[in-house]
There are 2 protein chains.
Amino acid sequence: MKVLIIEDDPLHRSYLNEAIRAALPECNGVLEAENGGTGERLARDWKSAHIVMDLQMGQRNGIEAARTIWKERPETRILFWSNYSDEAYVRGVSRIVPAGAVYGYVLKSASDDRLKLALRSIFIESQCVIDREVRGMQQKSLGNTNGFTEAEYEILVDIALGLTDRAIAQRRNLSVRSVQNRLQQLYVKLGVYQPAGSQDDDSRFNLRARAVAVAFLRKLLNHNALERAEADLSAWLVRQPHNRA
Amino acid sequence: MKVLIIEDDPLHRSYLNEAIRAALPECNGVLEAENGGTGERLARDWKSAHIVMDLQMGQRNGIEAARTIWKERPETRILFWSNYSDEAYVRGVSRIVPAGAVYGYVLKSASDDRLKLALRSIFIESQCVIDREVRGMQQKSLGNTNGFTEAEYEILVDIALGLTDRAIAQRRNLSVRSVQNRLQQLYVKLGVYQPAGSQDDDSRFNLRARAVAVAFLRKLLNHNALERAEADLSAWLVRQPHNRA
DNA sequence: ATTTTTTCTGCGGGATCCCGCAATGTCTCA
DNA sequence: TGAGACATTGCGGGATCCCGCAGAAAAAAT
């Protein structure tokens with residue numbers, strides 16, 4: 001068995017290396033990559049089916065890398081080892097995991113033993129391991145009470161990118177009014193609203209901008225999610241017919 | 001001499017501890033804190049004048065901690081040891097460093113030697129040490145060509161928080177029109193604009209929201225900056241007279 | 001198959017935003 | 001002191017956003 005490490009922090013990388021050798025004596029080869037790009041390449045060349053990776057890397061972040069790796073070899077087993085359990089990350093991961101794939105998500109704050117146990121569970125016993133905390137986030141996210149629909153999340157991303165109602169309507173094949181409806185739902189769920197008085201009172205929020213702000217504060221969005229969304233958007237833009245008058 | 005470490009990652013913490021003992025043999029005491037809050041407390045109780053800290057910690061982030069520490073003892077020497085040279089961090093730090101204070105900013109990606117050298121320079125020779133890359137960011141930020149005025153940055157934060165023009169005007173003691181002027185400057189500098197045609201063409205951006213998006217993408221803003229801004233905002237809100245009709 | 005619920009859609013209006021035009025105020029520099 | 005550069009403010013209008021109302025369409029439940 002061979003294991004590939006994708007992690008940009010040297011300290012964490014060598015720590016992982018040690019942990020893998022200790023937890024998996026049957027492992028006879030550990031390779032390290034320090035960013036998503038070379039990680040993808042090594043995974044391809046090395047045909048390694050066992051990967052431990054960090055999300056949040058400078059170059060080409062983890063989710064991107066995982067997506068392309070899984071696209072080429074859906075049976076690859078990936079253990080995500082991350083600092084955060086932001087909803088944006090959790091959602092990002094569960095969005096790309098192929099049906100039936102074996103994977104894991106453990107936090108860097110977890111104990112030594114937990115990490116090693118996860119390594120064995122995933123790579124030897126083909127069993128998914130999701131950290132308690134992450135799992136909690138996942139359920140809060142999916143359970144629609146206080147959680148966000150795919151549609152709501154989608155429109156949240158769209159306004160975070162700065163699209164107008166009309167642009168969103170085109171992109172999502174909706175009428176402008178429907179877009180506005182969804183926005184309204186979103187505002188309710190995020191708890192943003194006008195403080196009553198309509199014309200004379202003091203400080204008030206721009207709902208659209210405020211929604212993005214609280215989404216960021218609640219870690220529903222983060223830098224990576226925005227970057228991915230931006231990439232998707234520009235891919236869509238070039239595909240669009242450039243309507244000139 | 002005693003040194004206080006404020007860093008939430010255990011691996012990095014012990015690495016730092018080692019580096020300090022190696023670089024500063026005259027040091028006779030190293031204390032560790034794993035978040036900003038306890039870091040502040042230890043700095044106060046221990047009267048330590050030498051601190052190495054991470055920005056970006058889960059609890060109470062580094063900039064907050066540094067601010068309160070420097071407020072109590074402006075002569076404290078702080079070495080910021082961070083993963084990133086985001087403009088948001090760099091600006092955040094230079095905003096709070098007291099006049100004449102000795103401090104440093106080195107990236108975690110720097111070599112062992114560079115870190116040790118920085119430790120000696122700051123704690124022994126009373127000399128500021130700013131990583132080349134960070135310095136570059138600082139200058140790009142301050143040199144007004146392609147850099148942002150304090151005013152522009154301020155209004156950027158305000159719209160990122162979701163305030164309306166009127167609210168911003170009140171908060172910053174400006175007329176609504178002036179706020180809009182500044183917004184326009186901001187849009188120009190960020191390179192956001194309407195793609196010409198006014199009524200019929202295809203995808204267009206909501207300038208206000210788009211500005212926030214590109215600011216995030218360019219790392220002019222990040223989560224910490226937003227959190228701090230949000231805290232400032234709510235502090236200002238309670239201080240405001242609640243104008244009822 | 002019919003009712004119930006949810007979503008999509010158009011219309012319309014008030015509030016907000018974006019911004020050109022122009023007058024005034026402030027600062028600098030010669 | 002006066003000229004020029006720049007920020008501030010008001011006015012006005014077109015575009016966009018926010019959202020109530022209500023009918024049409026789709027999905028879910030009985």
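Here is the naming used below: chain letters follow the sequence lines, and residue numbers restart at 1 for every chain.
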(request) Quick one: closest heavy-atom pair of B:Ala118 and B:Val106, and the distance? (result)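 B:Ala118 and B:Val106 have their closest heavy atoms at CB-CG1, 3.8 Å.
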(request) For B:Ala101 and B:Cys128, work out which heavy atoms get closest and say how close. (result)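 Taking B:Ala101 first and B:Cys128 second, the nearest heavy atoms are O-SG, 3.8 Å.
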If I take atom [atom1] in residue [X] and atom [atom2] in nucleotide [N], what distance separates them, rounded to the nearest angstrom?
X: A:Arg166; N: D:dC17; atom1: CZ; atom2: P; result: 8 Å
X: B:Gln185; N: D:dA5; atom1: CD; atom2: C1'; result: 14 Å
X: B:Ile155; N: D:dA7; atom1: CD1; atom2: C1'; result: 13 Å
X: A:Gln180; N: C:dC11; atom1: CD; atom2: C1'; result: 12 Å
X: B:Arg204; N: D:dT16; atom1: CZ; atom2: C1'; result: 9 Å
X: A:Leu163; N: D:dC17; atom1: CG; atom2: P; result: 10 Å
X: A:Leu183; N: C:dC8; atom1: CG; atom2: P; result: 12 Å
X: A:Asp165; N: C:dA15; atom1: CG; atom2: P; result: 19 Å

(request) Would you give a per-nucleotide map of nucleotides 22-28 of chain D, 5' to 3', where B means the base has a protein non-hydrogen atom under 4.0 Å away, S means only the sugar-phosphate does, and - means neither? (result) -------
(request) Taking side-chain hydrogen bond (donor to acceptor under 3.5 Å, both in side chains) as the test, write out the residues that go with B:Ser178, two or more places apart. (result)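 B:Ser178 satisfies side-chain hydrogen bond (donor to acceptor under 3.5 Å, both in side chains) with B:Ser175 once adjacent residues are dropped.
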(request) For B:Arg182 and for B:Asn206, find the nucleotide of DNA chain D with the closest heavy atom, then tell me which residue's nucleotide is more 5'. (result)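 Its nearest nucleotide being more 5', the pick is B:Arg182.
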With respect to the side chain of [X], which nucleotide from [options] is positioned closest?
X: B:Thr164; options: C:dC18, C:dT16, C:dG10; result: C:dT16
X: A:Ser175; options: D:dC18, C:dA15, C:dT9; result: C:dT9
X: B:Leu174; options: C:dT9, C:dC17, D:dT9; result: D:dT9
X: A:Leu207; options: D:dC19, C:dC17, D:dG10; result: D:dC19
X: B:Tyr187; options: C:dC8, C:dC19, D:dG10; result: C:dC19
X: B:Arg208; options: D:dT16, C:dT9, C:dC17; result: C:dC17

(message) Would you call the rings of B:Tyr89 and B:Tyr84 parallel, tilted or perpendicular, taking 30° and 60° as the class edges?
(response)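 Plane angle under 30°, so parallel.
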(request) Indicate the ring-plane relationship of A:Phe80 and A:Tyr105, choosing parallel, tilted or perpendicular according to the 30° and 60° boundaries. (result)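 If you compare the ring of A:Phe80 with that of A:Tyr105, the planes turn out tilted.
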(message) My understanding is that only residues two or more places apart in sequence, or in another chain, count here; which of them pass side chain to side chain contact (heavy atoms under 4.5 Å, CB included) with A:Gln185?
(response)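 Side chain to side chain contact (heavy atoms under 4.5 Å, CB included) check on A:Gln185 returns A:Glu152, A:Arg182.
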(message) Counting only heavy atoms not in A:Arg132 (residues, nucleotides, ligands), do more than 12 fall under 6.0 Å from its CZ?
(response)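 Not more than 12 within 6.0 Å, no.
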(request) Assess whether atom CD of A:Gln59 is packed by more than 12 heavy atoms of other residues, nucleotides or ligands within 6.0 Å. (result)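 Open.
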(request) Name all pairs fulfilling the salt bridge (charged side-chain N to carboxylate O under 4.0 Å, His left out) condition that reach into residues 222-236 of chain A, sequence neighbours left out, sorted by first residue then second. (result)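 Every pair satisfying salt bridge (charged side-chain N to carboxylate O under 4.0 Å, His left out) with a residue in residues 222-236 of chain A: A:Glu230-B:Arg210.
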(message) Taking the side chain as everything from C-beta on, heavy atoms only, tell me whether B:Leu221 gets closer than 4.5 Å to B:Leu226.
(response)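 With C-beta onward as the side chain, the pair stays apart.
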(message) Is the shortest side-chain heavy-atom distance between A:Asp131 and A:Arg114 below 4.5 Å?
(response)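 Side chain of A:Asp131 against side chain of A:Arg114, heavy atoms only: contact under 4.5 Å found.
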(request) Please determine if A:Glu150 and A:Arg91 form a salt bridge, counting it only when a charged side-chain N lies under 4.0 Å from a carboxylate O. (result)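 Answer for the salt bridge query: yes.
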Contacts under 3.5 Å, N or O only, protein and nucleotides 23-29 of chain C:
none

(request) Rounding to 10 degrees, work out the angle separating the end axes of the helix from C:dA1-D:dT30 to C:dA30-D:dT1 (five pairs an end). (result)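 Axis-to-axis angle, ends of the helix: 40°.
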